[in-house]
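Structure first, commentary second.
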Amino acid sequence: MMNCPCNPNLLYQDCCEKAHLNIESVSTCEALMRSRYSAFVLVNIDYLSKSHHSKTRPSKHDYKSLEKWTKSVVWVKLEVLKSTDTTVEFKAYFMENGKLDVINETSEFATENGHWVYVKGL
């Protein structure tokens with residue numbers, strides 16, 4: 001059993017695995033953002049595509065580049081700074097080429113086809 005990448009205090013099977021197996025089970029935009037972070041850590045490119053809004057979803061070629069990059073970094077931790085009904089501000093820390101870096105973003109989410117999806121970074 002492994003800890004969940006989005007929250008090391010929880011087991012993956014009790015947290016993001018549920019979303020990865022059934023995106024319709026995600027009930028909030030924060031839960032979707034956390035499941036996307038875990039998908040980056042686990043290089044679950046299919047889930048990243050499925051959880052991306054159809055109007056802003058990258059091309060398959062872009063996902064190949066994303067997969068290559070995601071495999072090249074070591075994800076350190078996720079900090080959720082603020083969450084609203086449709087946005088989540090977070091910091092995602094990772095190691096790249098021996099240096100600690102951070103993605104600090106406020107992400108916008110919406111529902112599409114009956115489930116939460118990532119729209120864009122604001």
Side-chain angles (χ1 to χ4, degrees):
M1 291 194 219
M2 71 178 227
N3 292 339
C4 194
C6 88
N7 182 347
N9 295 320
L10 298 173
L11 292 175
Y12 172 66
Q13 69 185 28
D14 297 331
C15 194
C16 289
E17 184 179 40
K18 293 174 183 180
H20 294 166
L21 294 174
N22 178 13
I23 196 165
E24 285 83 16
S25 71
V26 178
S27 59
T28 66
C29 67
E30 182 177 332
L32 185 81
M33 188 283 304
R34 289 177 171 281
S35 70
R36 284 179 54 82
Y37 172 82
S38 293
F40 274 99
V41 173
L42 301 171
V43 196
N44 186 342
I45 302 303
D46 288 340
Y47 183 79
L48 291 171
S49 176
K50 184 188 306 183
S51 63
H52 208 121
H53 196 284
S54 62
K55 291 184 175 157
T56 58
R57 185 177 296 136
S59 70
K60 288 196 184 291
H61 173 74
D62 290 335
Y63 272 111
K64 287 290 182 196
S65 298
L66 179 65
E67 181 178 14
K68 183 177 179 184
W69 177 76
T70 301
K71 287 179 176 178
S72 76
V73 302
V74 176
W75 295 95
V76 178
K77 72 175 180 174
L78 173 68
E79 285 182 356
V80 174
L81 305 174
K82 183 179 178 186
S83 185
T84 71
D85 289 344
T86 58
T87 64
V88 179
E89 182 183 359
F90 68 91
K91 288 184 178 181
Y93 297 87
F94 61 96
M95 296 289 295
E96 185 173 25
N97 299 320
K99 292 184 179 179
L100 183 63
D101 205 346
V102 64
I103 298 168
N104 186 358
E105 179 178 293
T106 299
S107 297
E108 180 182 358
F109 298 87
T111 53
E112 181 180 50
N113 300 322
H115 62 84
W116 282 101
V117 289
Y118 169 80
V119 178
K120 63 183 177 183
L122 301 174

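Keep in mind that this is a model prediction, so the values were computed, not measured.
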Could you tell me whether the side chain of [X] and the main chain of [Y] form a donor-acceptor pair under 3.5 Å?
X	Y	result
Ser72	Trp69	yes
Tyr47	Ser38	no
Thr56	Val119	yes
Glu96	Asp101	no
Ser35	Leu32	yes

Measure the spacing between [atom1] of [X] and [atom2] of [Y] and express it to the nearest 0.5 Å.
X	Y	atom1	atom2	answer
Trp116	Ser51	CH2	OG	13.0 Å
Met2	Leu42	CE	CG	4.5 Å
Leu78	Met33	CG	CE	4.5 Å
Leu81	Glu105	CG	CD	11.5 Å
Thr70	Ile45	OG1	CD1	5.0 Å
Leu100	Phe94	CG	CZ	8.5 Å

Can you get from [X] to [Y] by hopping between Ile, Leu, Val, Met, Phe, Trp and Tyr side chains that sit under 4.5 Å apart?
X	Y	answer
Val80	Val41	yes
Ile103	Val88	yes
Phe90	Leu66	yes
Ile23	Tyr63	yes
Met95	Tyr93	yes

Within 6.0 Å of CG in Asn22, more than 12 heavy atoms from elsewhere
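Yes, enclosed.
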
Side-chain cluster (under 4.5 Å, hydrophobic types only) that Leu21 belongs to, other residues
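Noted: Leu21 shares its cluster with no other residue.
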
Evaluate the side-chain contact (heavy atoms from CB on, under 4.5 Å) criterion for residues Lys120 and His53: first the C-alpha distance (whole Å), next the side-chain angles of each, then the deciding distance (0.1 Å), finally the verdict.
CA-CA 8 Å; Lys120 63 183 177 183; His53 196 284; over 6 Å; no

Quick one: do Phe40 and Val73 satisfy side-chain contact (heavy atoms from CB on, under 4.5 Å)? Show the steps, please.
CA-CA 10 Å; Phe40 274 99; Val73 302; over 6 Å; no

Under 3.5 Å donor-acceptor pairs involving side-chain atoms of residues 4-19, not counting sequence neighbours:
| unit_1 | atom_1 | unit_2 | atom_2 | d |
| --- | --- | --- | --- | --- |
| Asn7 | OD1 | Asn9 | N | 2.9 |
| Tyr12 | OH | His20 | ND1 | 2.8 |

Any side-chain heavy-atom pair from Glu89 and Asn104 closer than 4.5 angstrom?
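Yes - at least one pair of side-chain heavy atoms lies under 4.5 Å apart.
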
Do Val26 and His115 come close enough that some side-chain heavy atom pair is under 4.5 Å?
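They are not in side-chain contact.
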
Classify the ring geometry of Phe109 against Tyr118: parallel below 30°, tilted from 30° to 60°, perpendicular beyond 60°.
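Phe109 and Tyr118: perpendicular rings.
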
Is it true that the side chains of Glu30 and Thr28 contain a donor and an acceptor less than 3.5 Å apart?
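No, no side-chain donor-acceptor pair sits under 3.5 Å.
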
